[in-house]
Amino acid sequence: MDLHFHGPDATLTERSVVDSVLGLPPSEGPGGLRITRDEGHHSLVQRSKLLPAFHAVQNRFGWIPPGAMDYICRRLSVPPAEAHGVASFYHMFTLKSTPPTVVHVCDDVACRIKGSEGLCTELQHALGAEGWKRSPCLGQCERAPAALVVRAGETPSATSVAPANSQSLLAARAADLPASADTRESIRASVPQFGSDNLRLLSRVGRVNPCSLEAYQASGGYSALTKGILQGPEAVIAEVMASKLMGRGGAAFPTGRKWEAVAKAPARPHYVVCNADESEPGTFKDRVLMEGDPFAVIEGMTIAGLATGSEQGYLYIRGEYPQATERLKHALEAARAAHLLGPKILGSSFSFDIELRSGAGAYICGEETALFNSIEGKRGEPRNKPPFPVHVGLFGKPTVINNVETLVNIPQILALGGEAYSRIGTAGSAGPKLFCVSGHVTRPGVYEVDFGITLGQLIQQAGGVAGGKAIRAVLLGGAAGSFVGPDQLNIPLSFEGTRAAGASLGSGVVLVFDESVDLADILLRIAAFFRDESCGQCVPCRVGTVRQEELLHRLRSGKPMRSYADELELLKEIGQVMRDASICGLGQAASNAVESAFATLNPMPKVAQIR
Amino acid sequence: MSDDSLWFRPPPRPSHPPIAPTPVETPRVEISIDGQAVAVPDTATILDACRSIGIDTPTLCYLETLTPVNVCRVCVVEVKGSRTLVPACSRRVEPGMEIQTNSPRVQLSRKMVLEFLGSSVDLSTAPTALEYSSRYGANAGRYGPAKEAALAGERDAREPGHHHPPGSLHAETVAQPVKIDNNLYVRDYSKCILCYKCVEACGTDAQNTFAIAVAGRGFDARISTEDNIPLPDSACVYCGNCIGVCPTGALMFKSEYDLRQRGEWDEARQTKTDTICPYCGVGCTLSLHVQDNQIVKVTSPLDVEVTHGNLCIKGRFGYGFVQGGDPDKE
Ligand SMILES: Cc1cc2nc3c(=O)[nH]c(=O)nc-3n(C[C@H](O)[C@H](O)[C@H](O)COP(=O)(O)O)c2cc1C
Ligand code: SF4
Ligand code: SF4
Ligand code: SF4
Ligand code: FES
Ligand code: FES
């Protein structure tokens, strides 16, 4: 296959930036390199360097100039039209010249009720349209309103600012904030339970230096891996089965069964993927774990590798998490240096390594098969299932993919024993669970509780509603979850308890709205979120999310087409086709929150309902 | 190199003539469709199974010669035990599957998919989609009057991640000016249902040219050359295989487009004649569509073993000599 290029030649700087990721080209004839394309495993792995190359160029220039784009395509044998399709999928990549510093302001639900719109207005005044951008949830909801300052250049930087105001943002924009080496102090603010003795998952966060492997080991770290290596893969899987651990990424699938399926899959190689894309609005638990206890994530992944016969892991982290990315990079290097990653770990015959991959702004890449495609250098479009990832996953090979929190439970399980672990929590939901409590509560943050505590108890633990106001609604499980009303605070927070109430735990979001909130505005933001984040592949979701938003807009502005009842009927049908006929969970869940609000909370202004 | 190099020693002749391998009997799977028991090969899709007993299942993104992408969702059926509906075109049959092809859920989803398309895309040259729409009672008008069309290039420049909230009470559409940048075919993406067929035909399923791909995200997703450059600057080799698979007329011969613009396109006056392409030894089958003694477009039947409906620029567009003129100057 001959590729066709049209752009200007890459400048020397552009080439060297790309080469810094891809290595020097083997030869450089006038027409560039000989292009060959075969769909063998090797070339698939080669193509997977596409996003890392885009990131390098974006970080250096603030956008992806056409010359650099062509050069990347030549080096990786990717047709330019495809590469354009990939880059234009991710909102952190820019294809037109942009100022080097851009402030990404979260205007999603948790930040919205903490003044993000005002922040946007101020930034528009101060910076004009080019200097800032709106962003969906940045995963800092406990410190809303949040922003991310991204600066391109020779020493690129990305800094989360939360809570943000226009002064702090303009200051962060002007100067590099010193990245503190040890974040124990600052992260405590995100863990209101800090200092409590009965924490398992959060025990090290804010207490043990996340930059020190020695400190991690001194606090019991890596004893689980040691034990696992002694016991062997089958025994590890047996423990995980016995623990009844279910995935914490949203789908609540039994982890042990996933691992066993991959371990038994005949095709090779096997892969382990850690899903750290955490982009569900209202979710920030994985960030806190990665920033506060990065080695635990790595140890969990390594044990997954051991159990499933994998030698290579990928950790896919969302691009908006600079601090967590730094922590993990450092932790990976430290673990490698101590032979806790790489060949023959702890002197055994088990070899395993982990590659860190950054997302580039796309909620859908948290969906497991979209995530594989993204690692593979493709558009983050979910694949149709079956086949499931345990059979056909990353690079078409058997793959176990787990959420960060799921993996952090693994060392706990090996330490306690699966059976003992399974007795924590309720009959149907074993273990400790992290909840992301935010919105109008006195002490927002990540809370670790045993499954089974009621929603009301958790909100009480977070200090109740700030200012003594009444609760209007709680968004449970994130934008893909559902609203519950103040009369449902006795819902037990467990998989079975929420299911019985017609809700779901999702990613552990508990976003509390007091009576001052305009629920219609929140619903419109959620509808806009799904429209923005739909990958666009399938009709029910691509068009349905647009029609849903338009309909809500009509109701909110008091101008229903035909009657209010007709609109509700239409809303239902839109919801049903999205739920029934969409390819993936995004479209299937895109009407959950909206429909649940209409079911019990009467979210629209009165005027809409008269006509 | 010595004398006994390969060169001088042809392989021995076979002792007996080669025989064709006996075809393997594929195991059959028993399923039920709308209550009727059916046995089909285990490699069959639900769509194959439906077709085998004469159940007409609507499809838009599916084509026999392309890898199923299962994105349009108009073919969904209900399978017992499945939480969601499943796409018939790509799902393999499994033993004991109980399938409903006409349940209220199936009908609603098909109707809604067609309404979604009808309310956002110009289906005026997509007879199949129109026929399905009336079959399922789709009423695309339910979503309000269409918003005004985007300006040229506007949709191609949209960035993922944020849109302006709907300011008017109109339904968003993909309407935009038609792209005419060469004399052979036009791209009218107001008519594009994003079925991915053209991308597949241009890519690994047929042409391996990769001139076009899907770009952007969500409702702004679109078919695009790299950086949205005009076709003549792109990798396109004008094989027209994308036109051949496009189900909506979004990709159209310039000759057909011009006739339609002048109001002179009339399929009732057309004849279709199959012949063999005279240019090279492959000998592709050409179907010449002729109106008023002029070739107005060239297609190729899908069921031709060797080429599966694909042609190259010569067979597709090089018919000017038949008419004693250059197709560029009609
Ligand atoms: C639209 C969408 C977004 C998702 N985002 C995430 C995410 O950010 N993090 C995550 O762990 N799982 C996410 N998931 C769930 C994953 O597909 C998958 O179920 C999960 O990573 C499996 O890990 P677990 O078994 O440990 O939960 C998402 C699913 C969907 C449909
Ligand atoms: S449901 Fe939405 S996000 Fe999922 S595949 Fe379809 S269009 Fe993409
Ligand atoms: S004419 Fe051929 S090469 Fe050009 S875009 Fe269509 S399929 Fe690709
Ligand atoms: S141009 Fe035609 S073939 Fe291509 S995606 Fe659109 S409708 Fe499908
Ligand atoms: S950081 Fe703004 S909503 Fe989560
Ligand atoms: S024909 Fe099956 S999804 Fe399009």
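Numbers restart at 1 for each chain; the letters A, B, ... are given by sequence-line order, proteins then strands.
Proximity to chain A is limited to the side chain of B:V76, based on heavy atoms less than 4.5 angstrom apart. Heavy atoms closer than 4.5 Å to chain A are found nowhere in B:D220, neither backbone nor side chain. Only the backbone of A:S582 comes within less than 4.5 Å of a heavy atom in chain B; its side chain stays farther off. For A:Y90, the part lying near chain B is the backbone, with the side chain staying farther off; criterion is any non-hydrogen pair under 4.5 Å. Contacts between B:S120 and chain A at a heavy-atom distance below 4.5 Å involve backbone atoms as well as side-chain atoms. Looking at A:R542, the atoms closer than 4.5 Å to chain B (heavy atoms on both sides) sit in the backbone and in the side chain alike. With a threshold of 4.5 angstrom between heavy atoms, B:R91 approaches chain A through side-chain atoms but not through N, CA, C or O. Interface remark: B:N70 contributes backbone and side-chain atoms alike to the contact with chain A (heavy atom separation under 4.5 Å). B:I223 does not touch chain A: none of its heavy atoms, backbone or side chain, sits under 4.5 Å away. Residue A:A87: no heavy atom, backbone or side chain, is found under 4.5 Å from chain B. Only the side chain of B:P87 comes within less than 4.5 Å of a heavy atom of chain A; its backbone N, CA, C and O stay farther away. Of the atoms belonging to B:S82, not a single heavy atom falls under 4.5 Å from chain A. Heavy atoms closer than 4.5 Å to chain A are found in the side chain of B:E159, but not in its backbone. Of the two parts of B:I212, only the backbone, made up of N, CA, C and O, holds a non-hydrogen atom closer than 4.5 Å to a non-hydrogen atom of chain A. Heavy atoms closer than 4.5 Å to chain B are found nowhere in A:I364, neither backbone nor side chain.
Top candidate by heavy-atom pairs under 4.5 Å with chain A, chosen from B:L169, B:V69, B:V214, B:T225, is B:V214. Across A:L524, A:L95, A:I574, the residue that shares the most heavy-atom pairs under 4.5 angstrom with chain B is A:I574. Interface remark: of the candidates B:V113, B:L194, B:D227, B:D227 forms the most heavy-atom pairs closer than 4.5 Å to chain A. For chain B, the option among A:P136, A:A81, A:C535 with the highest count of heavy-atom pairs below 4.5 Å is A:A81. For the set B:S168, B:S224, B:S109, the count of heavy-atom pairs under 4.5 angstrom toward chain A peaks at B:S109. Chain A forms more heavy-atom pairs under 4.5 Å with one residue of B:L60, B:D233, B:L108, B:V86 than with any other, namely B:L108. The greatest number of non-hydrogen atom pairs below 4.5 Å with chain B, out of A:E381, A:K133, A:M578, is found for A:E381. Interface summary for chain A: among B:C61, B:S119, B:P68, the most heavy-atom pairs under 4.5 angstrom belong to B:S119. Ranking B:G203, B:A171, B:A221 against chain A, the residue ahead of the rest is B:A171, based on heavy-atom pairs under 4.5 Å. Ranked by heavy-atom pairs shorter than 4.5 Å toward chain B, the options A:M92, A:E549, A:Q576, A:R547 are led by A:R547.
A cation-pi contact links A:R74 to A:F5, judged by a cut-off of 6.0 Å to the six-membered ring centre and 45° from its axis.
A:R379 contributes a side-chain N or O that, together with a main-chain N or O of B:G216, makes up a donor-acceptor pair within less than 3.5 Å. Under a 3.5 Å cut-off, the side chain of A:T369 and the backbone N or O of A:P382 do not form any donor-acceptor pair. B:D205 places a side-chain N or O within donor-acceptor distance of the main-chain N or O of B:T67, the cut-off being under 3.5 Å.
To the nearest 0.5 Å, the span separating CG on B:N241 from SG on B:C246 amounts to 13.0 Å. Going from atom CD1 of B:I99 over to atom CG of B:D34 covers 8.5 Å, rounded to the nearest 0.5 Å.
Look at A:R383 and A:E376 and you find a salt bridge, because one of the NZ, NE, NH1 or NH2 atoms lies within 4.0 Å of a carboxylate O, short of that distance. Salt bridge status for B:K197 with B:E200: absent, with no side-chain N to carboxylate O gap under 4.0 Å. Classification of A:R562 and A:E567 as a salt-bridged pair fails, no side-chain N sitting under 4.0 Å from a carboxylate O.
B:S190 and B:D122 are not linked by any side-chain donor-acceptor pair at a separation below 3.5 angstrom, with hydrogens and angles left out of the test. Counting only N and O atoms by type, the side chains of A:D532 and B:H163 include a donor and acceptor under 3.5 Å apart.
Side-chain contact between B:R135 and B:P58: present, with at least one pair of heavy atoms (C-beta onward) separated by less than 4.5 Å. At a threshold of 4.5 Å between non-hydrogen side-chain atoms, the residues B:F219 and B:V174 count as touching. Between A:V78 and A:I72, every side-chain heavy-atom pair lies at or beyond the 4.5 Å cut-off. Side-chain contact between B:E94 and B:V29 is absent, with no heavy-atom pair separated by less than 4.5 Å. The closest side-chain heavy-atom distance from A:W132 to A:Q124 is below 4.5 Å.
Within residues 138-149 of chain B, the residues that have a heavy atom under 4.5 Å from a heavy atom of chain A are B:R142, B:Y143, B:G144, listed by number.
Scanning both residues, A:P540 and A:V577, for their nearest heavy atoms gives CB-O, 3.8 Å.
Looking at residues two or more places apart in sequence or on another chain, you find a ring-ring contact (aromatic ring centres under 6.0 Å, His included) between A:Y363 and A:F529.
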